[in-house]
Undergrad: 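I am attaching a structure below and will ask some questions about it afterwards.
Letters go in sequence order (proteins before strands), and every chain restarts at 1.
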2 protein chains.
Amino acid sequence: MELFREQGYERTTASEIAARAEVTERTFFRYFPDKREVLFEEDPRLQPALEAAIAEAPEALSPLEVMRLALGSIEKLLEENRPFTEPRLAVIAASPALWERAEAKSASLVQLLAKGLRQRGVDERLALLAARTGIAAFGHAAQSWFEDPSPGLEVRLDQAFCALRELAGRKKG
Amino acid sequence: MELFREQGYERTTASEIAARAEVTERTFFRYFPDKREVLFEEDPRLQPALEAAIAEAPEALSPLEVMRLALGSIEKLLEENRPFTEPRLAVIAASPALWERAEAKSASLVQLLAKGLRQRGVDERLALLAARTGIAAFGHAAQSWFEDPSPGLEVRLDQAFCALRELAGRKKG
DNA sequence: GTCTATAGGACGATAGAC
DNA sequence: GTCTATCGTCCTATAGAC
């Protein structure tokens, strides 16, 4: 992060990062499959938390309600990680290559959520639709939450899913 | 495509592609900013068609209805391109690097749609939510349409948006 | 003559093989 | 840890279009 802030992501070589970390370049690539990944290490508790939340959600909930519940359940984790996440986002936003990787990560998350829904017996295609929609709502919520964290993520999520319901529901603008 | 099918994407070098196309490697990179892009050239009519459809949609439509209309309007274009799209998808699915690029392209499309909505006066964040949701529905529709093209894309889209409404609307599964 | 497209050589960085 | 292939960029030169 020091190097990236000083000279930007593209202008920083893997070799420089390795040197700053006092390891060899080869060791760097043993820890990270490629250069971009240094910026995308995620909390190892995140995926299990989501999987558990989906698996343990009440039977009666609709797929989208499961998404709402699962995404709300990681608020504390995200809150904890915020100090690290925020500066990363600034670096990521400045580089197309990193933006691309970020989109891929988001898509992987969608796959994870969809898998969880399928294991609850949701039809494959519907699971994907619900997962994508859930992430769309999460993006809506997370964005406003990052700008102003005072109302919790849960509140933002409720607002997002409410907006979604309005979007989908009304037959006229 | 010949080379990719023979030996796969990763095992094919830019140099080989250039040779097969009877240009030099340098010329190849003048046409395509990077190796992946050869597989993602899109119909130049696609983006303008979407932009126009959004801009010209009736005032009364809700943001999501505008998405439904715009995405339905490109059916003929997609139909035309299907012979090229289908083999490409097979290659893309086989390579993580290409899958990543595909996700990035999808994200760009979301940005395009959101921009169109914003120009209709839709709030920035709501536009993004509607665009993401619209693309989620489109994915649902396109998948079943690719498996069996006989009922048109329009019908599939209606089914997808209907499924979405059910997902969002009902309070119980 | 100017503008654009291709060619060519050299080179740095990423990342894989061993 | 060493070695090397591949990607992708920079710079310059040449050939053709207008």
Undergrad: Using a strict threshold of under 4.0 Å (side-chain N to carboxylate O), is an ion pair present between B:Glu100 and A:Lys105?
TA: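 The answer is no: the pair does not qualify as a salt bridge.
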Undergrad: B:Gly134 and B:Leu71: which non-hydrogen atoms are nearest, and at how many Å?
TA: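 So the two residues come closest at O-CD1, 3.6 Å.
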Undergrad: Rounded to whole Å, how long is the line connecting atom NZ of A:Lys35 with atom P of D:dG8?
TA: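 These atoms are roughly 13 Å apart.
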Undergrad: Between A:Glu86 and A:Arg82, is there a side-chain N and carboxylate O pair less than 4.0 Å apart?
TA: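 Salt bridge: yes.
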Undergrad: Any idea which heavy atoms bring B:Glu10 and B:Pro96 closest together, and the distance?
TA: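 Closest pair (atom of B:Glu10, atom of B:Pro96, distance): OE2-CD, 3.9 Å.
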Undergrad: If only side-chain N and O atoms of B:Tyr31 are considered, is one of them under 4.0 Å from the OP1 or OP2 phosphate oxygen of C:dA5?
TA: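 Answer no for this pair, as no side-chain N or O of B:Tyr31 is under 4.0 Å from OP1 or OP2.
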Undergrad: Using atom CD of A:Glu10 as one end and atom C1' of D:dC10 as the other, report the distance to the nearest whole Å.
TA: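 Going from CD in A:Glu10 over to C1' in D:dC10 covers 16 Å.
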Undergrad: Measure CD/B:Glu37 against C1'/D:dT9 and give the value in whole Å, please.
TA: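 To the nearest whole Å, that distance equals 17 Å.
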Undergrad: Quick one: CZ on B:Arg156 to CD on B:Glu75, what's the gap to the nearest 0.5 Å?
TA: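 Reported to 0.5 Å precision, the distance equals 10.5 Å.
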Undergrad: When you measure from every atom of DNA chain C, which of residues 11-30 of chain B have a heavy atom less than 4.0 Å away?
TA: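 Those residues are B:Val23, B:Thr24, B:Arg26, B:Thr27, B:Arg30.
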Undergrad: Starting from the C-alpha separation in whole Å, work towards a yes-or-no answer on side-chain contact (heavy atoms from CB on, under 4.5 Å) for B:Ile54 and B:Leu69.
TA: CA-CA 8 Å; B:Ile54 295 173; B:Leu69 186 71; over 6 Å; no
Undergrad: Could you check how far CZ of B:Arg101 sits from C1' of D:dG8, rounded to whole Å?
TA: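 In whole Å, D:dG8 C1' lies 13 Å from B:Arg101 CZ.
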Undergrad: For B:Arg36 and D:dG8, give me the distance from atom CZ to atom C1', rounded to whole Å.
TA: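 After rounding, the reported distance stands at 12 Å.
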